[in-house]
Amino acid sequence: MDVLINLIVGLHIIGIAALLGGFLTQMKAMGRGEARFVPGMLHGALTMLVTGALLVGLNQADDQPVNNIKIGVKLAVLVVVLGLVYVKRDEEKVPAAAFGTVGALTAANIFIAVLWT
């Protein structure tokens, strides 16, 4: 079970990297007001959602402790990110505020995962 959980954690990190990497590559364009949500950002957010749900289920099945409040907060943040990226994915130019919000919430989700014990 540990190997499977670690594999899913790796996929979860790849999803985070796709979302945050897409944001970071568009930061210069955000300064010019030309940023857009690239497809990798949507795929990264969806990967995070699916692998996060799998991680919760696998950890509960393995009788590992799961902090449901932390998971709920992380899920709420991810749903907001996913909603913004999904709704604005076809726009040529995304407002800097919406684009910055996605980056800030993604970073917040990472810090919640790492620092909330």
I'd like to check Asp2 versus Asp62 (side-chain heavy atoms, cut-off strictly below 4.5 Å). Are they in contact? yes

Working to the nearest 0.5 angstrom, can you tell me the gap between Leu82 CG and Leu19 CG? 9.0 Å

Atom CG of Leu75 and atom NZ of Lys70: how far apart are they, to the nearest 0.5 Å? 14.0 Å

Value rounded to 0.5 Å, distance of CE in Met30 from CG in Leu24: 9.5 Å

Is it possible for you to say whether Met1 and Leu7 belong to one hydrophobic cluster, with membership spreading through side-chain heavy-atom contacts below 4.5 Å? no

Asn67 CG to Ile112 CD1 distance, which is reported to the nearest 0.5 Å: 11.5 Å

Any idea which heavy atoms bring Gly40 and Ala18 closest together, and the distance? O-CB, 3.7 Å

If you look only at pairs with a residue in residues 77-100, which of them pass as a side chain to side chain donor-acceptor pair (under 3.5 Å), with sequence neighbours excluded? none

Gln60 side chain near Asn68 side chain, heavy-atom distance below 4.5 Å: yes

With a 4.5 Å cut-off on side-chain heavy atoms, are Phe37 and Val102 touching? yes

Gly22 to Phe99 - nearest heavy-atom pair and separation: O-CZ, 4.4 Å

Do Val56 and Leu78 belong together in a cluster built from hydrophobic side chains that touch within less than 4.5 Å? no

ILVMFWY network linking Ile71 to Met48, side-chain heavy atoms under 4.5 angstrom: no

Answer whether the closest heavy-atom distance between the side chains of Ile5 and Leu54 falls below 4.5 Å. no

In this structure, would Leu20 and Val9 fall into the same cluster of hydrophobic residues linked by side-chain contacts under 4.5 Å? no

Shared hydrophobic cluster for Val80 and Val94 (ILVMFWY, side-chain gaps under 4.5 Å): yes

Inspect the surroundings of CD1 in Ile69 and state if more than 12 heavy atoms from other residues, nucleotides or ligands are less than 6.0 Å away. no

Is there a side-chain contact between Val81 and Asn109, using heavy atoms and a 4.5 Å cut-off? no

As an exercise, state the distance from OG1 of Thr51 to CG of Leu46, rounded to the nearest 0.5 Å. 10.5 Å

N/O donor-acceptor pair under 3.5 Å between Gln26 side chain and Arg36 backbone: yes

To the nearest 0.5 angstrom, please state how far the CG atom of Leu11 sits from the CG atom of Asn6. 11.0 Å

What pair of heavy atoms forms the shortest contact from Ala98 to Leu84, and how long is it? O-CD1, 4.3 Å

